[in-house]
There are 2 protein chains.
Amino acid sequence: MSRQKDLVLDILTGSRGHLTAAQVFERAKEHIPNISLGTVYRNLGELHGDGMIGRFVLSDGSSVYDWSPDPHGHLICPVCGKIEDIGDPCLMDDLRRIAGGSLISAEIVAEHVCSDCLSEVNKA
Amino acid sequence: MSRQKDLVLDILTGSRGHLTAAQVFERAKEHIPNISLGTVYRNLGELHGDGMIGRFVLSDGSSVYDWSPDPHGHLICPVCGKIEDIGDPCLMDDLRRIAGGSLISAEIVAEHVCSDCLSEVNKA
DNA sequence: CCTCAAATCAGTAATCATTCCTAATAACTA
DNA sequence: TAGTTATTAGGAATGATTACTGATTTGAGG
């Protein structure tokens, strides 16, 4: 595990975050100023391939890397962009049942206005 | 509704298919040889915005357009590429319940080896 | 400590899906 | 029919991601 790969992993797991490659790149530059975006992509891809981090795709086609490799759904607020995990396991359980038990990957991504943004609207 | 937009819609609904923009473009050229890819994209986007067709994103980031606008999950076979609809409504019902009833969009995409490809493997 | 081979890197060029732009065409309205 | 508006074809631009290349780092064996 190189210094760069270790840093990329730390940025994700240390923040328990959901970050795009560009966001990981920005934070990584604070520690290794001349790290390259290609290195961030390669290491994120390897970490995901090794099952150490999660990954899902937004409706605009860009990827988000997830500190947790355990499959779970995500709720995204289109107003503020916040990403919340879906802790309830019933979705993944049902998906496994429907697929016949042999899931290779599973992505559940839903948009809904989060409670914070909803109360902002109701104030007005 | 222009001739081009009507054709794009017919290609999707007539085949009850799950097609990428490039696949729609290929089929569209059989009827309007000089139709442009940009036109296909624009009309697919408008049809989706108007709620006439569905749309979801593959793990490689490319979009698939769905003849059915009703939200439902999809199972994709990584061997043959076949895309199957998930008819069981419990996934979407649970998702709505978890999100608090106000879903703006929902994508459920899972990979699993389909029964056809599985029996191919078992033969060998 | 030194050497060499393998892994990894930084930087950049290339790719690919998608969007944007513009001048031309088609469709509608009065 | 004339004028106005919507839509098109074609190509250029964009943005995320991947591929390539020569340089740098690393780590095992001597």
Side-chain angles (χ1 to χ4, degrees), chain A residues 1-12 17-50 52-66 74 76 78 81 83 105 107 109 111, chain B residues 1-12 17-50 52-66 74 76 78 81 83 105 107 109 111:
Chain A
M1 176 98 72
S2 69
R3 194 162 73 99
Q4 287 85 349
K5 189 169 183 175
D6 198 46
L7 174 59
V8 165
L9 183 57
D10 273 356
I11 286 171
L12 270 181
H18 304 92
L19 303 174
T20 64
Q23 290 170 328
V24 173
F25 179 52
E26 286 307 312
R27 299 196 188 185
K29 277 195 288 192
E30 296 168 10
H31 298 88
I32 303 179
N34 70 334
I35 194 172
S36 114
L37 181 57
T39 297
V40 170
Y41 269 106
R42 180 166 33 73
N43 284 320
L44 284 170
E46 287 175 9
L47 289 167
H48 178 244
D50 294 346
M52 314 210 34
I53 62 176
R55 175 187 197 171
F56 58 95
V57 180
L58 300 181
S59 54
D60 71 356
S62 61
S63 290
V64 175
Y65 296 87
D66 187 342
H74 293 96
I76 300 182
I83 300 176
S105 71
E107 290 190 25
V109 180
E111 283 182 302
Chain B
M1 177 96 74
S2 69
R3 195 163 71 100
Q4 288 86 345
K5 189 169 184 176
D6 198 46
L7 174 59
V8 165
L9 181 58
D10 273 354
I11 287 170
L12 270 181
H18 304 91
L19 304 174
T20 64
Q23 289 170 330
V24 173
F25 178 53
E26 286 308 311
R27 299 196 190 185
K29 277 194 290 192
E30 295 167 11
H31 299 88
I32 304 178
N34 70 335
I35 193 172
S36 110
L37 181 57
T39 296
V40 171
Y41 269 106
R42 180 167 33 74
N43 283 322
L44 284 171
E46 287 175 9
L47 289 166
H48 178 245
D50 293 345
M52 312 207 39
I53 61 176
R55 176 189 196 169
F56 58 94
V57 180
L58 300 181
S59 55
D60 72 355
S62 61
S63 290
V64 174
Y65 296 87
D66 188 342
H74 294 95
I76 301 182
I83 299 177
S105 72
E107 291 191 24
V109 180
E111 285 182 301

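Here is how names work: the chains are called A, B, and so on, in the same order as the sequence lines, proteins then strands, and each is numbered from 1.
In this structure, A:Lys5 and A:Gly38 both approach DNA chain C, and ranking their closest nucleotides by distance from the 5' end singles out A:Lys5. If you find the closest nucleotide of DNA chain D to A:Ala22 and to B:Pro33, the one lying nearer the 5' end belongs to B:Pro33.
A sub-4.0 Å separation between OP1 or OP2 of D:dA9 and a side-chain N or O of B:Thr39 is present. Distances shorter than 4.0 Å separate some side-chain N or O of B:Gln4 from OP1 or OP2 on D:dA9.
Across all strands shown, B:Ser63 has heavy atoms under 4.0 Å from sugar-phosphate atoms exclusively, and none from any base. Nucleic acid contact class of A:Ser2 (heavy atoms, under 4.0 Å, all strands): sugar-phosphate only.
A:Leu58 places its CG atom 15 Å from the P atom of C:dT18, with the value rounded to the nearest Å. The CG atom of A:Asn34 sits 12 Å away from the P atom of C:dT12 (whole-angstrom rounding). For the pair A:Ile35 CD1 and C:dG11 P, the interatomic distance rounds to 10 Å; values are reported in whole Å. D:dT25 atom C1' lies 16 Å from atom CG of A:Asp6, rounded to whole Å. Following rounding to the nearest Å, B:Tyr41 (OH) and C:dC16 (C1') show an atom-to-atom distance of 9 Å. Here the P atom of nucleotide C:dC16 and the CG atom of A:Asp60 are 20 Å apart, to the nearest Å. Residue A:Asn43 contributes atom CG, which lies 9 Å from atom C1' of C:dC9 at whole-angstrom precision. Computed from coordinates, the B:Leu44 CG to C:dA17 P distance equals 15 Å when rounded to whole Å.
Between B:Met1 and B:Leu9 the shortest side-chain heavy-atom distance falls below 4.5 Å. Side chains of A:Leu12 and A:Asp66 form no contact here, defined as non-hydrogen atoms less than 4.5 Å apart.
Taken from OG1 in B:Thr39 to NZ in B:Lys5, the straight-line distance is 12.0 Å, to the nearest 0.5 Å.
Of the candidates C:dA10, C:dT19, D:dA9, C:dA10 carries the atom nearest the A:Ser36 side chain, counting heavy atoms from C-beta on.
Using the six-membered ring where Trp is involved, A:His18 and A:His74 have ring planes that are perpendicular, over 60° apart on the 30 and 60° scheme.
Here the shortest heavy-atom pairing between A:Arg3 and A:His31 reads NH1-O, 4.5 Å.
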